[in-house]
Amino acid sequence: MRLHQKEKISGTAEEIYNTYLLLYKLNEIKVDSGKSLQDIIVEAITQGKTQAEFKVKGNSYKVNIIKKGGSYELGISGEHTKPEAKDILKYTDEEIIALWADSKVSFEKDPNNNRAFAVGLHDQSRLQDLKVGGLGKKVPFALRFANFYKVIEVLKDEGTPLEERLRIANNIATCSGKTGDIALLKFWAYLTNIPCVTAVPSDNLRNQSNNFDRAFLPDEVAQEFAEPFSETNAEYATSTFTEAFNTQWNVLNDTYGKNKSKPALILIDEAPKLKENAVQMARAVEISYGNPTAFFSATPDKFLSEEFKIKQQILLSPKEREALSIGKLPVVYYHKMKFKALKEMGSATAQGKSTYELRFVVPEMAYAEKSENTHIRLNQYKDAVAKFKDEIKKQNRNLDNLSQSFLDFISQSLDSQAYKEGLIATERRWAQDVKNYITEGREGDAQKRRKKRIESFVKAIKDLNIGLAENSIRCLVEANLNIEFGSKLLPSIKLHNILDTLNEYKKSGREINKDEISEFINKKYGIIDSSSLKFNSELTDAIYMLHAHQGNQDYRKSIERNYPGDKRLHEYIFDEFPDIKNFCEQDAVVCYFNGRIKRFRSNGEQIYKYETDSDLKNTLSMVKAGFVPNVISKELAFGIDAPRLNRAVAIVQDKAEILDPMFLLQLMGRVGRDVKSKGSCYFDMFTSDESYLKVDEITASSGANLLTKLEKGYENYIRDEEGIIQARSKALDDDLRIKHMVYYSLNPSLVVKSIFDMMCTRIKNEFNSINIQYGYNKEVCLNVFINTLKDVSNNLKLPLNYSNGSPAQAWFFGNFILKPDKMKELQRLVKTIDSAIVLLNSKSNGAMRYSDSMSLEDWARYVAHAKPMNHEDLLKADPNSSAPIFMEQKERSHQQVSIKKKIMYGVMIASSFIAVGIYALFTGGAIFNPMTATAIFVGTVMAAAILFTAVKIYEKKAENPDMEVGTAVKEAFSTLWSSHKVTV
């Protein structure tokens with residue numbers, strides 16, 4: 001069954017696009033009076049009118065209101081021309097009204113004043129009317145339109161079979177709307193009568209997908225996709241990877257494989273997780289052949305794109321996300337550290353040199369200084385300056401009367417980075433140092449840090465030219481702004497977000513009582529009273545007390561303004577409500593590594609309390625809601641959805657996985673998610689090594705250009721095998737020494753088997769991770785893994801050189817003294833690792849049977865003897881087996897480029913020899929004719945030069961898709977001229 005009629009393929013996609021776009025815009029458009037469309041409709045209905053009038057950008061419109069049962073039909077009067085589907089940014093308000101005129105729009109309202117627009121859409125295949133939107137349904141946001149419009153453009157290429165043109169990879173940061181993109185494609189498949197199978201990694205994600213469908217798609221459509229794939233439910237299904245590519249594989253392959261009777265749309269969410277099971281991945285690739293396919297990933301994955309033969313990559317850059325009003329453009333700061341010895345730093349300071357330019361010995365100090373003293377002008381700062389100048393004149397420059405107007409001015413003109421909730425991505429081995437400095441810092445630094453903060457504010461305000469002397473500005477800053485850091489600043493960040501929640505709650509119109517507040521906090525943030533953490537009750541009490549306390553007029557105004565650095569307001573609240581102060585000092589910093597949490601007070605002291613899984617989940621809910629001022633974690637860079645998060649930093653002291661360009665893109669995607677929040681968002685990077693991705697260039701890139709930069713950066717990252725080995729060996733060594741030898745020794749209840757066996761399992765998992773990273777390439781994987789083990793072995797031997805229980809030995813275990821039996825375990829582990837290294841290097845062909853319980857040595861012997869499998873063998877392999885697998889390697893695109901270059905340079909080098917051959921062929925070599933020889937030589941060299949230039953133009957465009965062709969040609973000729981000058 002090959003569908004290629006525009007009406008059924010791209011036309012249906014356009015109808016879906018227009019329907020959801022209209023629903024979105026109806027909720028966004030503001031009429032000239034400042035009211036929303038909803039307000040206009042509600043007002044007319046309340047007054048019993050059958051028609052409402054409004055203006056949008058000077059154009060007058062009338063809407064007819066007809067009551068139909070429990071809803072109201074809304075029809076636009078007049079003649080309107082329906083616009084063609086196009087990029088969401090190109091629609092005018094007038095065209096949206098024209099879409100409305102061409103659609104069946106209704107309005108729903110219930111007794112609780114809940115209200116919603118709905119748009120009708122006709123299902124021609126089933127002759128039924130569907131309703132998009134309405135009460136209880138999600139209103140779409142702009143991101144999904146940008147991505148789905150790219151799908152429409154692909155579908156319009158009617159000259160190519162559907163299964164060939166619709167092969168897309170949709171790359172969106174986690175929690176940015178992939179589920180919505182998948183839902184729109186499901187809807188499209190349903191309306192075009194194309195079967196559709198969606199595969200997700202887990203039951204949890206399937207439930208999330210189904211819940212989203214029910215809240216986003218028409219009920220009839222959501223119900224179709226609610227069940228997993230099976231012999232009796234083979235047309236529309238949502239299944240886990242295990243169901244689709246394991247338990248139901250034969251049915252799936254028989255139905256939609258090579259011998260299929262009709263194509264199906266294959267949708268794969270979180271596609272990179274397929275790589276965790278090579279057999280399931282091979283089967284997913286197999287079923288995609290001959291079927292239209294889309295896979296979804298947080299970041300681009302070149303390996304998967306080549307496996308699935310992807311034709312179209314979809315990636316929105318931060319610049320494009322900002323244009324679509326779905327994300328803020330981060331202010332990016334990148335610095336490669338200049339490591340200086342402390343003695344050298346002291347000498348430089350004595351000479352009056354800037355320590356900021358020299359940097360510090362440790363990057364967390366540089367980051368603290370940068371973030372504590374960064375102030376960005378807001379867009380409306382000129383209006384704020386003019387207004388404050390008038391107030392200065394009005395108050396005769398009396399500083400005592402300027403406090404409230406100064407805070408109004410500063411909140412509207414400057415955005416200070418230090419007041420933001422922050423996510424600090426770093427390795428666990430550096431987390432303690434980072435935590436120490438952002439809470440208390442080094443002894444003797446406090447006065448210097450405080451003075452710098454004051455002067456940074458004074459300079460930023462002085463540069464705004466408000467007409468006050470520097471000393472007057474300093475007096476206003478010290479009297480009204482929180483110019484502290486660490487333990488005196490972190491509680492204020494938390495209090496600011498509590499006040500923000502209070503203001504949001506008051507706007508909801510709900511009754512002010514503890515039960516209502518508690519329910520609001522639970523539903524909005526998922527914060528509860530768990531086993532030992534009563535976060536919901538503490539937040540409820542804080543919000544209730546802050547609202548109940550009337551205070552004076554300045555207090556109420558300050559609450560509404562809620563400037564995060566309002567010194568007097570925060571000091572007043574902390575003095576008036578000791579319980580709130582205590583709550584704000586708790587959980588000021590949270591460290592999250594390997595699924596475990598450490599909680600710290602604002603002064604840096606750890607909060608020791610036994611915590612259950614529900615406590616862990618509850619703490620993460622506090623993080624997502626913005627009630628933890630600073631979070632230190634590497635894992636949370638992937639997937640945490642925290643709308644109040646507007647500050648992120650990568651701190652890297654040596655080679656580490658954080659340098660992975662795809663990781664950095666994910667981390668940057670964590671900030672600026674709430675476009676309606678005030679102020680800027682920030683992304684910083686402090687590293688001792690050159691970044692593989694120039695993060696400071698990301699914000700100026702288009703999606704296509706960013707994709708190229710990411711792929712090139714990632715390729716350089718994984719090719720740096722020495723760097724990968726260094727990063728992995730340090731992480732593995734840290735895990736074995738601290739987590740296994742120390743943490744599990746202190747918490748024996750967590751040990752499910754012997755610590756030795758758990759360490760061996762951790763080593764095997766490291767191999768699996770490397771194998772996935774290098775595309776199951778045996779040669780490269782073994783090289784990286786063996787050298788990683790060598791480094792780990794050498795590091796683990798160091799504490800064995802010291803006497804048991806000595807301070808020198810304890811230093812290797814975080815100053816923890818291991819018992820003699822644990823040191824024997826360590827000796828045994830080192831010996832086992834060394835033995836495994838020898839076996840991994842062995843060349844014997846003897847085969848052995850795999851077992852999950854086999855020793856590390858036997859496992860190493862199995863790995864060494866395992867042969868790479870081809871695609872057909874992988875399809876037949878057991879997906880339930882955890883036996884290591886290697887894949888026969890294909891020639892990938894970067895190798896092909898390399899071959900092109902070799903040919904190109906080969907022709908250039910050989911051009912003179914080719915010329916001699918041509919001369920000999922034509923003259924027989926009997927008589928030498930200089931003119932003929934010169935002509936042949938020049939012609940041959942010019943032909944080679946043209947080939948070189950053509951390839952260079954291709955490479956320039958490939959490196960930078962945004963580059964104009966003319967610029968690429970100029971740069972290619974420049975390269976030719978500078979590198980290959982020829983004189984005749």
Okay, side chain of K709, backbone of E711: is any donor-acceptor separation there less than 3.5 Å? no
Backbone N or O of L316 within a donor-acceptor pair of the R321 side chain at under 3.5 Å? no
NZ/K138: more than 12 non-hydrogen atoms of other groups inside 6.0 Å: no
With heavy-atom distances below 4.5 Å as the criterion, would you say the side chains of I88 and Y24 are in contact? yes
Restricting to non-hydrogen atoms, name the atom on N646 and the atom on S677 that form the minimum distance, rounded to 0.1 Å. ND2-OG, 3.9 Å
Does atom CD (E84) have a neighbourhood of more than 12 heavy atoms from anything else shown, all under 6.0 Å? no
A side-chain contact here means heavy atoms from C-beta on lying under 4.5 Å apart; do L304 and S297 qualify? no
Hey, could you give me the CZ/CG distance between F117 and L74, rounded to the nearest 0.5 Å? 6.5 Å
Quick check against the 3.5 Å criterion: does S411 have a side-chain atom that pairs as donor or acceptor with the backbone of D408? yes
Taking every heavy atom of T293 against every heavy atom of S288, the minimum-distance pair comes out as OG1-CB, 3.3 Å
Note, L185 side chain near C196 side chain (heavy atom, < 4.5 Å): no
Quick one, K311 with T160, criterion side chain to side chain donor-acceptor pair (under 3.5 Å). Give me CA distance, side-chain angles, the key distance, then yes/no. CA-CA 12 Å; K311 298 288 184 68; T160 307; over 6 Å; no
Any salt bridge between K178 and E270, counting N to O under 4.0 Å? yes
For Y91, does the six-membered ring have the charged nitrogen or CZ of K86 within the cation-pi criterion, i.e. under 6.0 angstrom from the centroid and within 45° of the normal? yes
Any side-chain to backbone donor/acceptor pair from S125 onto D123? Under 3.5 Å, distance only. no
Verify, without hydrogens or angle tests, whether R670 (side chain) and I640 (backbone) share a donor-acceptor contact under 3.5 angstrom. yes
Heavy-atom pair with the smallest gap, counting every atom of V671 and P330: CG2-CB, 4.3 Å
K57/E94 under salt bridge (Lys or Arg N to Asp or Glu O under 4.0 Å): CA gap, chis, key distance, verdict: CA-CA 9 Å; K57 294 183 179 176; E94 191 172 354; over 6 Å; no
Taking side chain to side chain donor-acceptor pair (under 3.5 Å) as the test, write out the residues that go with D219, two or more places apart. K137
Kindly indicate whether the side chain of D415, heavy atoms from C-beta on, has any atom under 4.5 Å from the side chain of Y682. yes
List the steps, then state whether side chain to side chain donor-acceptor pair (under 3.5 Å) holds for D383 with Q412. CA-CA 9 Å; D383 293 338; Q412 295 166 20; over 6 Å; no
Enter the distance from L21:CG to F148:CZ here, rounded to the nearest 0.5 Å. 12.0 Å
Report yes or no: does Y256 contribute a side-chain atom to a donor-acceptor pair with the main-chain N or O of A234 at less than 3.5 Å? yes
Which distance, rounded to the nearest 0.5 Å, do you find between the NZ of K150 and the CZ of F145? 15.0 Å
Would you indicate whether the side-chain heavy atoms of L706 and L665 approach each other to under 4.5 Å? yes
Counting neighbours of NZ on K506 that are heavy atoms of other residues, nucleotides or ligands and sit closer than 6.0 Å, is the number greater than 12? yes
Assess the residue pair E224 and V221 against the criterion (side-chain contact (heavy atoms from CB on, under 4.5 Å)); give the C-alpha distance rounded to whole Å, side-chain angles, the decisive distance to 0.1 Å, and a yes or no. CA-CA 5 Å; E224 288 288 330; V221 182; 5.6 Å; no
Once salt bridge (Lys or Arg N to Asp or Glu O under 4.0 Å) is applied, do any residues pair with K131, and if so which ones, sequence neighbours excluded? E108
Take N64 and Q51, measure what side chain to side chain donor-acceptor pair (under 3.5 Å) needs, and give me the verdict at the end. CA-CA 5 Å; N64 298 315; Q51 193 175 73; 2.9 Å; yes
Could you report the tightest heavy-atom contact between I40 and E53, atom names first, then the distance? CG2-O, 4.3 Å
Note, L166 side chain near V151 side chain (heavy atom, < 4.5 Å): yes
Step through the shown structure and confirm whether more than 12 heavy atoms of other residues, nucleotides or ligands are within 6.0 Å of CG on N379. no
Counting only N and O atoms by type, is there a donor-acceptor contact under 3.5 Å from the side chain of K319 to the main-chain atoms of T699? no
Measure the OH-CD1 distance between Y72 and I65 for me, rounded to the nearest 0.5 Å. 9.0 Å
Over 12 non-hydrogen atoms of neighbours within 6.0 angstrom of NZ in K67: yes
Check E504 with K524, please: is the shortest side-chain N to carboxylate O separation under 4.0 Å? yes
With the side chain counted from C-beta on, respond yes when S36 and K30 share a heavy-atom pair under 4.5 Å apart, and no when they do not. yes
Is there a donor-acceptor contact under 3.5 Å from the side chain of S508 to the main chain of Y505? yes
In sequence, state the C-alpha distance, the side-chain angles, and the governing distance for T299 and N171, and then conclude on side-chain contact (heavy atoms from CB on, under 4.5 Å). CA-CA 5 Å; T299 54; N171 308 288; 5.9 Å; no
Can you check whether W100 reaches V119 side chain to side chain, under 4.5 Å on heavy atoms? no
When rounded to the nearest 0.5 angstrom, what distance separates CG in L26 from OG in S103? 8.5 Å
Before giving the answer on side-chain contact (heavy atoms from CB on, under 4.5 Å), spell out for V332 and M668 the whole-Å C-alpha distance, their side-chain angles and the decisive distance to 0.1 Å. CA-CA 9 Å; V332 177; M668 186 179 290; 4.0 Å; yes
Decide salt bridge (Lys or Arg N to Asp or Glu O under 4.0 Å) for D39 and R115; before the verdict, give the C-alpha distance in whole Å, the side-chain angles of both, and the deciding distance to 0.1 Å. CA-CA 10 Å; D39 292 334; R115 50 200 189 181; 3.0 Å; yes
Please check this pair: side chain of N170 against backbone of F296, looking for a donor-acceptor N/O pair closer than 3.5 Å. no
Would you say CD of Q208 has more than 12 non-hydrogen atoms from neighbouring residues, nucleotides or ligands within 6.0 angstrom? yes
Closest heavy-atom pair and its distance - P218, Y20: CD-OH, 3.8 Å
Whether the side chain of D102 engages the backbone of A98 through a donor-acceptor N/O pair (distance < 3.5 Å, no angle test) should be reported. no
When the ring planes of F520 and Y525 are compared, do they come out parallel, tilted or perpendicular, using 30° and 60° as the limits? perpendicular
Centre-to-centre under 6.0 Å for F216 and F187, is that the case here? no
I need the L155 CG to T12 OG1 distance, nearest 0.5 Å. 9.5 Å
Please determine whether side-chain contact (heavy atoms from CB on, under 4.5 Å) holds for the pair S702 and E320, giving the CA-CA distance in whole Å, both sets of side-chain angles, and the decisive distance to 0.1 Å. CA-CA 7 Å; S702 67; E320 292 166 338; 4.0 Å; yes
Determine whether the side chains of T708 and N705 contain a donor N or O and an acceptor N or O closer than 3.5 Å. no
Stepwise salt bridge (Lys or Arg N to Asp or Glu O under 4.0 Å) check, K156 with E14: CA-CA 10 Å; K156 284 182 176 179; E14 288 182 5; 3.3 Å; yes
Give me the atom names and distance for the closest heavy-atom approach of R644 to D500. NH2-OD2, 2.9 Å
